[in-house]
Every structure is written in structure tokens, then in C-alpha cells.
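Just so you know, these numbers come straight off a predicted model, no measurement behind them.
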Amino acid sequence: MTELNETQIAETSREAFCRLVNQRIEKVAKSLENLSRLSSRKSDYSEKDVVEIKRFLTKELDKTLSGFRPKTNNDSKSFILKA
């Protein structure tokens, strides 16, 4: 067995999470940096456009982070009317 395979086998769930989250956060940061470059160009955008971009990105971030929180009874998607 090669050294790389032994390392991969010995990787714990926590180590795998840390490795993957670091890679993915780096990709997100690079994508945001790329997006921000549009602001330094002579692009035609308005304050309304900026608000819409922020609204969308905030919603996506909130949705992503909510997946890391434990589910509670209050998170139910179904409607229940109580007497």
C-alpha cells in the first residue's frame, strides 16, 4: 500500500471535514473576489443591483449555514394549527 493510501485510510471524519471545508471555503473566497472585480470596472450597475446581489448571496449563505445547525421541532416545514 502506498503512503498516500495509508494516509487516506487513516483520515478521520473530522479531518476529512476540515480538509474539504478549507478547500471549498477557498473556492468561495476566490469566486467572491472574482465577483468583486466587476465593481472596479466601468460596468453599468446600480445600487438596486448591488442590493439584489447582496440579498441573494445572504439568502444562500443563510441556507447553507442552516444545514449545520441541529434541527429542532420549530424547524418543521409542515403546517400545524394548535387549539
- Under a side-chain separation threshold of 4.5 Å, the hydrophobic residues clustered together with Val51 are none
- Does Val50 sit in a hydrophobic cluster with other residues, and if so which ones, taking ILVMFWY side chains as linked at heavy-atom separations under 4.5 Å, directly or through other members? Tyr45
Path from [X] to [Y] over hydrophobic side-chain contacts below 4.5 Å:
{"X": "Phe68", "Y": "Val28", "value": "no"}
{"X": "Leu61", "Y": "Leu32", "value": "no"}
{"X": "Phe17", "Y": "Ile25", "value": "yes"}

- Would you give the length of the straight line joining atom CD1 of Ile53 to atom CG of Leu38, rounded to the nearest 0.5 angstrom? 7.5 Å
- Return each pair, listed once, that meets salt bridge (Lys or Arg N to Asp or Glu O under 4.0 Å) where at least one residue sits in residues 14-32; pairs must be two or more places apart or across chains. Glu11-Arg19
- Message: Taking salt bridge (Lys or Arg N to Asp or Glu O under 4.0 Å) as the cut-off, I'd like each qualifying pair that reaches into residues 56-65, sequence neighbours left out, listed once.
- Response: Glu60-Lys63
- With sequence neighbours left out, write down each residue that passes salt bridge (charged side-chain N to carboxylate O under 4.0 Å, His left out) with Glu33, or none if nothing qualifies. Arg37
- Residues passing the salt bridge (charged side-chain N to carboxylate O under 4.0 Å, His left out) test with Glu52, sequence neighbours excluded, are Arg55
